[in-house]
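Throughout, a chain's letter reflects where its sequence line sits, starting with A, and its residues are numbered from 1.
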Protein chains: 2
Amino acid sequence: MSDDSILALEAFLPYRLTRLTDAVSRDFSQAYRARLGLTRPEWRTLATLGQYGTMTATEIGTHSSMHKTKVSRAVAALEQRRWLTRKPDPGDRRVEQLALSKAGEKAYRDMVPVARGFEDDLLERMKPAERKALMEGLAALERAALNRS
Amino acid sequence: MSDDSILALEAFLPYRLTRLTDAVSRDFSQAYRARLGLTRPEWRTLATLGQYGTMTATEIGTHSSMHKTKVSRAVAALEQRRWLTRKPDPGDRRVEQLALSKAGEKAYRDMVPVARGFEDDLLERMKPAERKALMEGLAALERAALNRS
DNA sequence: TCGCCATGGTTACGGTTGCAACCAATTTGT
DNA sequence: ACAAATTGGTTGCAACCGTAACCATGGCGA
């Protein structure tokens with residue numbers, strides 16, 4: 001019987017999630033920070049454009065869950081690095097179509113195996129049944145936490 | 001057969017974790033921010049002292065996974081609010097023993113059911129088998145990700 | 001067509017963070 | 001016993017972030 005007036009922080013779901021995410025995210029960020037000198041918003045923008053080819057800033061934000069100011073600054077940084085180009089949208093002059101340059105695509109191709117390797121290393125430390133449970137549990141939590149209208 | 005040269009960001013574990021944690025953490029932070037006007041480091045410090053009674057700043061940081069500067073600033077803020085008191089440690093004059101004041105304890109007691117309610121609401125949106133999978137998967141991922149020496 | 005609201009995107013600003021430098025007190029090695 | 005290294009804790013600084021304000025363009029109703 002546990003004391004109802006005490007909250008065990010180490011068992012509290014929001015705390016466990018942030019601690020876990022901080023650790024995983026920090027470890028992974030070292031991979032692209034050390035390798036490419038990218039910030040996290042820049043990496044996400046690179047990854048989104050690498051995955052989808054051409055997108056607007058708003059679409060990047062929607063797909064990668066980033067605030068539009070983050071996207072704006074990341075796009076500006078990648079553009080300055082010549083990893084990204086802007087093209088005016090012929091149908092709507094508010095919009096710019098964004099795409100990776102050749103150098104940006106190369107950086108993306110370099111990073112994909114690194115990202116896969118990082119994820120694989122992490123998952124290989126778990127038993128198959130544990131991996132299955134994690135995937136199932138995360139999917140359920142995503143349904144529970146993200147789809148709150 | 002999927003394209004090996006493309007990384008699906010929405011299926012990438014570090015991304016899924018950060019997105020999930022951002023959502024959960026943001027929702028929960030509204031509870032204590034609106035109710036008590038606390039920042040996240042302040043809430044964690046309150047929760048840690050509420051759970052353990054008396055601790056040093058370093059111990060708080062270890063238990064709640066916070067950088068010592070965060071702890072230092074959170075302690076200063078809680079002290080200014082008169083929710084926390086410092087006592088010199090008789091055996092080591094570098095250290096200060098920290099504890100909640102009466103007002104701090106009251107705030108803690110008020111917050112515990114709110115935190116429990118938040119967690120319960122979230123978990124109730126999941127089926128029992130999904131909850132079980134989540135707990136098992138998170139525990140395994142904690143072993144895999146946090147215990148990297 | 002004209003006025004008004006919505007949308008895409010950028011920027012200024014205040015607040016938060018982590019790193020590194022720092023001070024004081026303690027421990028360690030010789 | 002004393003210099004050097006370590007530890008507890010605070011603070012200055014630069015980078016980063018979200019909010020809100022803003023500009024330009026587009027959509028829409030009267």
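Of the two residues near DNA chain C, A:Arg26 and B:Thr39, the one whose nearest nucleotide lies more 5' is B:Thr39.
Remark: A:Arg93 is in phosphate contact with D:dG26, judged by side-chain N or O atoms under 4.0 Å from OP1 or OP2. In terms of phosphate contacts, A:Lys70 brings no side-chain nitrogen or oxygen within less than 4.0 Å of OP1 or OP2 of D:dC16. Here B:His67 does not reach the OP1 or OP2 of C:dT17: none of its side-chain N or O atoms lies under 4.0 Å away.
Legend: residues meeting salt bridge (Lys or Arg N to Asp or Glu O under 4.0 Å) with B:Asp89, ordered by chain and number and at least two apart, are absent.
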Detail all sub-3.5 Å separations between protein N/O atoms and N/O atoms belonging to nucleotides 2-4 of chain D.
none

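By the 4.5 Å heavy-atom criterion applied to side chains, A:Val95 and A:Thr58 are not counted as neighbours.
For B:Arg82, the CZ atom counts as loosely surrounded, since its 6.0 Å shell holds 12 or fewer non-hydrogen atoms of other residues, nucleotides or ligands.
If you measure from atom CE of B:Met66 to atom C1' of C:dC19, you get 18 Å, rounded to the nearest angstrom. Rounded to a whole Å, the CE atom of B:Met55 is 15 Å from the C1' atom of D:dG8.
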Sequence-aligned protein contact record of nucleotides 3-15 of chain C, with B where the base is within under 4.0 Å of a protein heavy atom and S where only the sugar-phosphate is: ---BBSBBB----

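Stacking of B:Arg81 on the aromatic ring of B:Trp83 is recorded, both the 6.0 Å distance cut-off and the 45° axial limit being met.
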